[in-house]
Amino acid sequence: MPDLSPGPVLNCVVLDDYQAVAGAMAPWQRLAARVAVSFETRFIGDDRAALIARLRDADIVVANRERTRFDAGLLAELPRLRLLVTTGMRNAAIDVEAAAARGILVCGTGSAGEPTVELTWALILALARHIVAEANGLSAGRWQATLGRGLKGRTLGLVGLGRVGTGVAAVGRAFGMKVMAWSPRLTPERASAAGVDMAPDLESLFSGADIVSLHATLTPESRGLVGRDLLAAMKPGALLVNTARAGLVDQDALIEALKAGPLAGAALDVFESEPLAAGHPLLDLANVLATPHLGYVTDDNYARYFGDAVDNIEAWLAGAPLRRIN
């Protein structure tokens with residue numbers, strides 16, 4: 001723990017503030033006597049030299065989700081860093097053990113699951129009813145070019161039935177859909193409590209669902225979970241939605257399935273490399289609805305993220321850290 005007695009003001013950098021809104025989402029002024037806070041609106045996570053230059057004098061960094069990777073090499077280049085706050089309580093982009101070895105405390109914040117549930121349904125509905133294509137067509141002077149599909153009576157398959165998956169299931173039931181779920185640790189009791197059927201295995205879920213929505217945690221075991229075999233097992237005309245993590249899906253296999261079938265379309269909010277580069281092959285496919293990782297990006301969730309970040313910094317200054325991760 002650094003010397004936190006009254007003295008020089010500490011430097012805090014809030015990274016990846018893409019929309020330039022973090023400053024207005026929390027009472028940062030409470031820190032003014034002890035901490036100088038600055039906000040970085042550029043994405044510089046892919047420019048190691050620029051990132052090190054920006055953070056070299058930082059005592060505190062607030063990392064906005066997994067937008068910038070803090071590996072052992074980067075942490076070694078930041079000799080002043082003592083507190084790293086991540087929005088949310090899990091961040092796969094931070095090497096927590098390497099941070100601990102360098103005496104860097106990693107703390108998290110609260111996070112709501114509802115925004116991702118809501119976006120998942122926005123994507124399902126937009127995909128099923130061709131809303132983007134029809135809205136763009138209307139602006140261009142066209143009238144009704146597609147045929148949407150109804151949801152009542154269809155089968156929704158959920159990979160993962162945690163907080164977000166359970167919320168998505170509840171909305172599916174409200175639409176009159178049959179909902180089934182699978183995860184490695186799902187029990188009949190949990191499935192029953194969520195009002196869903198428990199799929200006997202992952203292939204049964206993929207072959208039986210009209211829409212598959214991914215809500216699993218990305219781990220070494222689940223990386224590439226959805227590959228060619230599972231995609232090939234889907235019904236002709238089925239839809240895939242991913243608001244979880246891109247690494248759950250074999251991207252090459254997904255592109256093949258979207259081009260040649262059986263997939264009729266995919267709605268994707270997450271990508272292996274973010275921000276997604278212009279000209280990415282997924283963006284060239286007419287049956288892909290892609291959004292720039294909006295799942296958690298709402299005003300109330302940001303207020304919670306950055307409000308808790310201010311609380312974390314104050315608690316650390318007082319010698320009583322909150323929401324410790326390492």
Side-chain angles (χ1 to χ4, degrees), residues 2 8-23 28 35-109 111 218-220 223-224 244-249 251-252 268-283 290 292-297 302 305-306 309 312-313 316 324-326:
V9 171
L10 302 174
N11 293 319
C12 172
V13 177
V14 180
L15 276 177
D16 299 316
D17 181 20
Y18 296 162
Q19 304 104 320
V21 296
W28 300 99
V35 181
V37 182
S38 61
F39 301 89
E40 181 54 66
T41 59
R42 301 170 298 163
F43 173 66
I44 54 176
D46 58 355
D47 185 339
R48 182 58 64 100
L51 184 61
I52 292 170
R54 184 68 174 91
L55 300 181
R56 184 174 289 120
D57 295 328
D59 305 282
I60 304 164
V61 169
V62 177
N64 197 347
R65 298 306 301 127
E66 297 171 357
R67 295 174 177 179
T68 293
R69 179 168 297 280
F70 285 84
D71 55 31
L74 176 62
L75 294 170
E77 297 284 351
L78 307 177
R80 288 184 53 169
L81 183 60
R82 287 297 173 263
L83 176 63
L84 178 55
V85 179
T86 173
T87 52
M89 286 300 295
R90 181 189 294 122
N91 191 326
I94 296 175
D95 188 330
V96 175
E97 293 182 359
R102 300 193 64 83
I104 301 168
L105 179 65
V106 181
C107 294
T109 72
S111 179
L218 182 62
T219 65
R223 180 170 290 279
R245 289 293 182 269
L248 294 169
V249 183
Q251 180 178 275
D252 292 339
L268 309 172
D269 188 49
V270 288
F271 306 93
E272 282 283 10
S273 179
E274 297 180 1
L276 190 64
H280 191 282
L282 284 169
L283 299 178
H293 208 151
L294 300 177
Y296 60 91
V297 183
Y302 267 35
Y305 281 169
F306 297 117
N312 285 350
I313 294 168
W316 177 72
R324 299 179 64 145
I325 294 176
N326 67 347

Reported [atom1]-to-[atom2] distance for the pair [X] and [Y], which is rounded to 0.5 angstrom:
X	Y	atom1	atom2	value
L51	R69	CG	CZ	12.5 Å
F43	N64	CZ	CG	12.0 Å
I44	I52	CD1	CD1	10.0 Å
I94	I325	CD1	CD1	6.5 Å
R42	D47	CZ	CG	8.5 Å
N91	R65	CG	CZ	5.5 Å

Ignoring hydrogens and geometry, is there a side-chain-to-backbone donor-acceptor pair from [X] to [Y] under 3.5 Å?
X	Y	result
N11	L55	no
E77	L74	no
D59	L81	no
T87	Y305	no
W316	L105	no
D269	L294	yes

How close do [X] and [Y] get, heavy atom to heavy atom, and via which atoms?
X	Y	result
G23	D17	N-OD2, 4.4 Å
G45	T68	CA-OG1, 4.0 Å
A244	L248	CB-CD1, 3.8 Å
C107	N312	CB-ND2, 3.9 Å
V9	A36	CG1-N, 3.2 Å
F70	A63	CE1-CB, 4.0 Å

*Pair R67 + E40: basic N to acidic O under 4.0 Å*: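 Answer for the salt bridge query: no.
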*Under 4.0 Å between a Lys/Arg side-chain N and an Asp/Glu carboxylate O for R245 and E272?*
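Not counted as a salt bridge, because no side-chain N and carboxylate O are separated by less than 4.0 Å.
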*Full working for salt bridge (Lys or Arg N to Asp or Glu O under 4.0 Å) between D95 and R102*: CA-CA 11 Å; D95 188 330; R102 300 193 64 83; over 6 Å; no
Would a 4.5 Å heavy-atom cut-off, applied to side chains only, mark [X] and [Y] as touching?
X	Y	value
I313	C12	yes
L15	V61	yes
F306	V85	no
Q19	T41	no
P275	Y18	yes

_Can you confirm whether R80 is buried at CZ, in the sense that more than 12 heavy atoms of other residues, nucleotides or ligands lie under 6.0 Å from that atom?_
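Counting other residues, nucleotides and ligands, CZ of R80 exceeds 12 neighbours.
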*Are V13 and R54 close enough, and set up right, to give a side chain to side chain contact (heavy atoms under 4.5 Å, CB included), and what steps lead you there?*
CA-CA 8 Å; V13 177; R54 184 68 174 91; 3.5 Å; yes
*Are L83 and I104 close enough, and set up right, to give a side chain to side chain contact (heavy atoms under 4.5 Å, CB included), and what steps lead you there?*
CA-CA 6 Å; L83 176 63; I104 301 168; over 6 Å; no
*How are the rings of Y302 and Y296 set to each other: parallel, tilted or perpendicular (split at 30° and 60°)?*
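Y302 vs Y296 ring planes: parallel.
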